Protein chains: 2
Amino acid sequence: MTMKLNEDMPCHLEISEYLIRNIQSGIFRENEKIPSENELCLKFNVNRHVIRQALTRLTNLGWITPFQGKGCYVNSLQKPIQYVLSSNTRFSDNMENLGVVHQSKLLSWEKGLPSRVEMKNLLLSEKQAVYRLEILRFIEGQPLSVTTTVMPEEEVPQLEIYLQEFKSLYQIMLDHYQLRPVRSRSIFQASLPLLRDAKVLEIPENIPIIQIESLMNHPTGNSIEYSIARIRGDMHKCLVEF
Amino acid sequence: MTMKLNEDMPCHLEISEYLIRNIQSGIFRENEKIPSENELCLKFNVNRHVIRQALTRLTNLGWITPFQGKGCYVNSLQKPIQYVLSSNTRFSDNMENLGVVHQSKLLSWEKGLPSRVEMKNLLLSEKQAVYRLEILRFIEGQPLSVTTTVMPEEEVPQLEIYLQEFKSLYQIMLDHYQLRPVRSRSIFQASLPLLRDAKVLEIPENIPIIQIESLMNHPTGNSIEYSIARIRGDMHKCLVEF
DNA sequence: TAGTGGTCTAGACCACTCG
DNA sequence: GAGTGGTCTAGACCACTAG
């Protein structure tokens, strides 16, 4: 049984659109295998190379993942979690409000001198040391975001002591420094992940991420935390109220 | 003169990495043409198909844009414009504050019944008609965003009269209806563009966009405008203050 | 008209998975 | 061993751009 194709569109585009429609309508189901390249060749009566072009597009757009020797499987469609960004919400609060299993992991940390951007944002001189943390956050066991967080050493002296058993940055700041930072501004941007971030987030390099650069202040005023979060676009929505 | 390749990487990947390095290091310059497919075939001594695989990856990652009959050109690296989102900023205000040449174009409009989502957001019954506008916005002559804007007919009766010479939605609402909507909330999400949006924005479909779904109210309270903007991620940053 | 990218065919060999 | 996706070759015709 072969399949007729439209005339005014390139064949490979036609086929990829057809496959996308089938995924959307549930004919090809989540986490299940779609027909093999050879089967599709027969169905559409085209060369294998055309099918591969169509499947490449589906892969790039995040619909399927190919496994050598096994076949192409439909990606599980994420319903993005809605995160509320306001002056005093943090990751844990949000996830607990949503009743979602969450977890943070400290990937790495260092103490060093601030970069120009960090100096500008945290209003530091070039001699004031900072702690720089790389935090990976999970929901339901899946990596959601990587965040680089920078804090002046003055505000969190000897932070390394508390990093040994890292669970939540917010908790450390509250328990050991009596700090309760307040968000003063955030800058949103959509982009593609760096290769490094794509690896830790376990996503292909074509999946968009939303980058949120935030500045957190002491309630009295001075800046204590500057962070850049890179979050999977397909797993996350961010709500801001005015 | 042919080019030697590494052994442990697929040939097309090797070539695309080589080309990316050349762009990054400025050997291939912004807005200039890279060697043609045929030239690359000779240089690397591979089949044209392999070169095309490599160039497809470069296109997908946003490094180059192919033009039929002309060649592949290195994309200009955008320094994203910073847009300020607050309860009462609109596109024109922002661009004028930045001193940027801007323009809006009405792509299409229709009058019809609200979808379920529109009913929920604008608090309408299924019989209350809405105007639905598709607006394309430019800065410095380049397409920046497409926005779908929905307004209840009640609020802007006979809107079609004023759409003939469309310049700015904000201006129409102010001049003819004495409306000055205020943003009540926005939802941010990073994603890939739909095929239609990619076409009007003149970007490949793998360039991430930031989607901002906003609800605008009458200062007294009721919702008068529900919009979904799809904005080029590489041209736009959005700042929110708390 | 020559050169460029876009589409498509036909066929080959490889690496990997699974029964 | 049969089937799957990954890589690569060789060659064809088309649509578009530019001199």
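Because only heavy atoms are used, hydrogens play no part in the values below, and waters and symmetry mates are left out as well, while side chains stay in. Remember, it's a predicted structure, so these values are computed and weren't measured experimentally. We name chains A, B, ... by the order of the sequence lines, and we start the count at 1 in each one.
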Return the 5'-most residue of the pair A:H49, B:G69 with respect to DNA chain C, ranking by each residue's nearest nucleotide. B:G69
Along DNA chain C, first and last positions that approach a heavy atom of chain B under 4.0 Å: C:dG3 to C:dT7
From B:N206, B:I207, B:V200, residue fulfilling side chain to side chain contact (heavy atoms under 4.5 Å, CB included) relative to B:I203: B:I207
Just by modelled atom types, is the A:I135 backbone N or O under 3.5 Å from a matching donor or acceptor in the A:R137 side chain? no
Below 4.0 angstrom, N of the basic side chain to O of the carboxylate: do A:E213 and A:R185 qualify? yes
Between B:H176 and B:Y162, what is the ring plane arrangement, given parallel below 30°, perpendicular above 60°, and tilted in between? parallel
State whether A:S36 places a side-chain N or O below 4.0 Å from either non-bridging phosphate oxygen (OP1 or OP2) of D:dT4. yes
Short side-chain to backbone donor-acceptor contact, A:N121 and A:Y226, under 3.5 Å: no
When rounded to the nearest 0.5 Å, the distance separating CD of A:Q189 from CD1 of A:I210 is 9.5 Å
Name the one of B:E110, B:E153, B:E160 that satisfies side chain to side chain donor-acceptor pair (under 3.5 Å) with B:Y131? B:E160
Using five pairs at each end of the helix from C:dT1-D:dA18 to C:dC18-D:dG1 to define an axis, what is the angle between those two axes, to 10°? 10°
If each of B:R52 and B:G71 is mapped to the nucleotide of DNA chain C with the nearest heavy atom, which maps nearer the 5' terminus, i.e. the 5' end? B:G71
Nearest-Å distance, CD (B:Q68) to P (D:dA15)? 9 Å
Can you say whether the rings of A:F188 and B:F188 are parallel (under 30°), tilted (30 to 60°) or perpendicular (over 60°)? parallel
